[in-house]
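First the structure, in the form of structure tokens, and then the observations on it.
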Amino acid sequence: MKKARRILLIGGTDSSGGAGLSADKEISFQLHFAASIAVAAITAQTDQSLLVTHPVPDDALRAQLKCAEQMGFGAIKIGMLPNRQSIATVRDFLLRHPTVPAVLDPVFQTSSKAELHTEETKDFLVSELLELVSLITPNAMEAELISGVSCKNKEDLEVAAEKIMSLGARAVLVKGGHLSGETCLDLLKQPTKTHYLEHSRLQARPICRGTGCRLATAIVCQLSDGKGLLKSVKKANEMVRDYIASTPEGS
């Protein structure tokens with residue numbers, strides 16, 4: 001496939017515009033990337049609650065992915081996949097494009113804590129996609145669900161990352177923003193290297209949603225440009241911090 005300054009975004013819509021594919025598209029535009037979109041689920045939600053989530057029929061998801069193949073893409077971001085069928089469809093798609101960088105942002109809950117996955121679906125996602133993506137980007141709570149390791153501190157992040165690697169991941173970025181403390185600590189684990197990324201904590205506004213979506217998409221854009229994983233993660237972190245810092249009070 002010819003490399004283009006275009007990425008592919010797979011995930012769910014967010015009717016509030018704060019997260020999901022809306023956030024993905026926003027950050028890709030900031031980085032001057034065009035984006036093909038494959039909608040796997042439609043949600044109706046506000047900043048406070050999830051009202052409805054509706055999986056897109058599988059033939060429609062497959063057709064969207066076929067259109068993306070025709071247009072070309074340099075990297076893939078995978079967000080919300082609502083059921084086993086959508087996961088299997090994305091698995092088959094990734095198997096057709098084994099050399100294209102792909103980042104999986106495992107979305108198990110909304111910001112309002114509404115569940116988006118059953119336990120069975122979560123396990124299926126891990127078993128089917130983990131070995132096929134370049135990077136998985138769980139926050140501490142998601143890493144806990146995947147690994148079974150309680151994530152409360154730096155040492156826990158390391159153990160959880162090790163466990164996720166043992167499940168087949170090529171690389172894992174465990175985001176520690178949900179942990180307590182004056183600083184935020186993220187852990188990037190690769191087969192032979194571990195990097196701790198520590199930065200001062202910013203006070204996020206209640207409206208400040210979709211940070212995980214934006215981070216993963218920014219990483220995808222950097223990878224599509226041929227940048228290394230560590231450099232891509234650092235640049236994406238900077239962009240998300242700028243987003244948090246610029247979110248106006250009471251917006």
Side-chain angles (χ1 to χ4, degrees), residues 3 7-8 27 31 33 73-79 91 94-95 97-108 125-202 211-244:
K3 182 179 178 181
I7 61 172
L8 170 60
I27 200 78
L31 287 166
F33 273 82
F73 47 85
I76 306 163
K77 188 264 180 164
I78 306 162
R91 174 201 62 203
L94 292 175
L95 287 170
H97 304 282
T99 63
V100 178
V103 174
L104 172 62
D105 180 28
V107 184
F108 299 145
L125 181 141
V126 171
S127 67
E128 298 301 307
L129 297 188
L130 207 58
E131 295 182 352
L132 301 179
V133 297
S134 310
L135 175 70
I136 181 170
T137 61
N139 61 34
M141 292 182 290
E142 292 159 346
E144 198 169 296
L145 289 172
I146 294 170
S147 68
V149 175
S150 176
C151 293
K152 306 299 181 186
N153 53 45
K154 177 180 178 179
E155 290 73 23
D156 292 344
L157 296 185
E158 174 75 27
V159 176
E162 287 278 6
K163 176 63 176 178
I164 295 171
M165 293 290 288
S166 75
L167 295 173
R170 301 180 194 175
V172 55
L173 175 66
V174 183
K175 301 170 292 187
H178 290 86
L179 302 183
S180 60
E182 295 182 359
T183 61
C184 290
L185 181 69
D186 298 335
L187 185 151
L188 175 61
K189 183 76 176 176
Q190 298 173 271
T192 60
K193 297 178 182 178
T194 300
H195 302 278
Y196 289 99
L197 309 173
E198 190 169 6
H199 39 81
S200 59
R201 183 177 295 279
L202 297 176
T211 54
C213 305
R214 289 174 168 83
L215 180 74
T217 301
I219 293 172
V220 163
C221 291
Q222 302 302 308
L223 293 176
S224 182
D225 258 352
K227 296 183 173 62
L229 188 55
L230 178 59
K231 187 172 183 179
S232 297
V233 169
K234 287 182 175 179
K235 175 63 176 178
N237 250 321
E238 291 174 6
M239 294 198 69
V240 171
R241 286 176 61 77
D242 288 345
Y243 164 69
I244 295 173

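One is the number of the first residue; the rest follow in order along the sequence. Predicted, not measured: the structure shown is a model, and the values here were computed from it.
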Please report the shortest heavy-atom distance between [X] and [Y], naming the atom on each side.
{"X": "Val103", "Y": "Ala216", "value": "CG1-CB, 4.0 Å"}
{"X": "Ala140", "Y": "Val174", "value": "CA-CG1, 4.4 Å"}
{"X": "Ser134", "Y": "Val100", "value": "OG-O, 4.5 Å"}
{"X": "Phe33", "Y": "Ser224", "value": "CE2-OG, 3.6 Å"}
{"X": "Leu94", "Y": "Ile78", "value": "CD1-CD1, 3.9 Å"}

Give, for atom [atom1] of [X] and atom [atom2] of [Y], the distance between the pair rounded to the nearest 0.5 Å.
{"X": "Lys175", "Y": "Cys151", "atom1": "NZ", "atom2": "SG", "result": "12.5 Å"}
{"X": "Asp225", "Y": "Ile7", "atom1": "CG", "atom2": "CD1", "result": "10.5 Å"}
{"X": "Asp242", "Y": "Asn237", "atom1": "CG", "atom2": "CG", "result": "10.5 Å"}
{"X": "Glu155", "Y": "Leu187", "atom1": "CD", "atom2": "CG", "result": "10.5 Å"}
{"X": "Thr217", "Y": "Ile76", "atom1": "OG1", "atom2": "CD1", "result": "12.5 Å"}
{"X": "Gln222", "Y": "Leu230", "atom1": "CD", "atom2": "CG", "result": "12.0 Å"}

Side-chain heavy-atom pair [X], [Y] within 4.5 angstrom cut-off:
{"X": "Val220", "Y": "Pro101", "result": "no"}
{"X": "Cys213", "Y": "Lys77", "result": "yes"}
{"X": "Val233", "Y": "Asp186", "result": "no"}

Inset, instruction - Apply side chain to side chain contact (heavy atoms under 4.5 Å, CB included) to the pair Leu173 and Leu215, showing each step before the final yes or no. - result: CA-CA 11 Å; Leu173 175 66; Leu215 180 74; 3.9 Å; yes

Legend entry - Exam field: side chain Arg170 to backbone Leu135, donor-acceptor pair closer than 3.5 Å: no

Inset, instruction - For Gln190 and Ala171, indicate whether the former's side chain and the latter's backbone hold a donor-acceptor pair under 3.5 Å. - result: no

Inset, instruction - Show your working on side chain to side chain contact (heavy atoms under 4.5 Å, CB included) between Val149 and Ile164 and close with a plain yes or no. - result: CA-CA 10 Å; Val149 175; Ile164 295 171; over 6 Å; no

Legend entry - Pairing residues for Lys163 by the salt bridge (Lys or Arg N to Asp or Glu O under 4.0 Å) criterion, not counting sequence neighbours: none

Legend entry - All side chain to side chain donor-acceptor pair (under 3.5 Å) counterparts of Asp156, not counting sequence neighbours: none

Inset, instruction - Return the set of residues passing side chain to side chain donor-acceptor pair (under 3.5 Å) with Thr137 (not counting sequence neighbours), or none when no residue passes. - result: Asp105

Inset, instruction - Tell me, yes or no, whether the heavy-atom count around Lys227 atom NZ, taken from other residues, nucleotides or ligands under 6.0 Å, exceeds 12. - result: yes

Legend entry - Results of side chain to side chain contact (heavy atoms under 4.5 Å, CB included) for Ala218 - residues two or more places apart only: Ile27, Leu31, Ala236, Met239

Inset, instruction - Please collect all salt bridge (charged side-chain N to carboxylate O under 4.0 Å, His left out) contacts where either partner lies in residues 188-198, sequence neighbours excluded, each pair once. - result: Glu158-Lys189, Glu162-Lys189

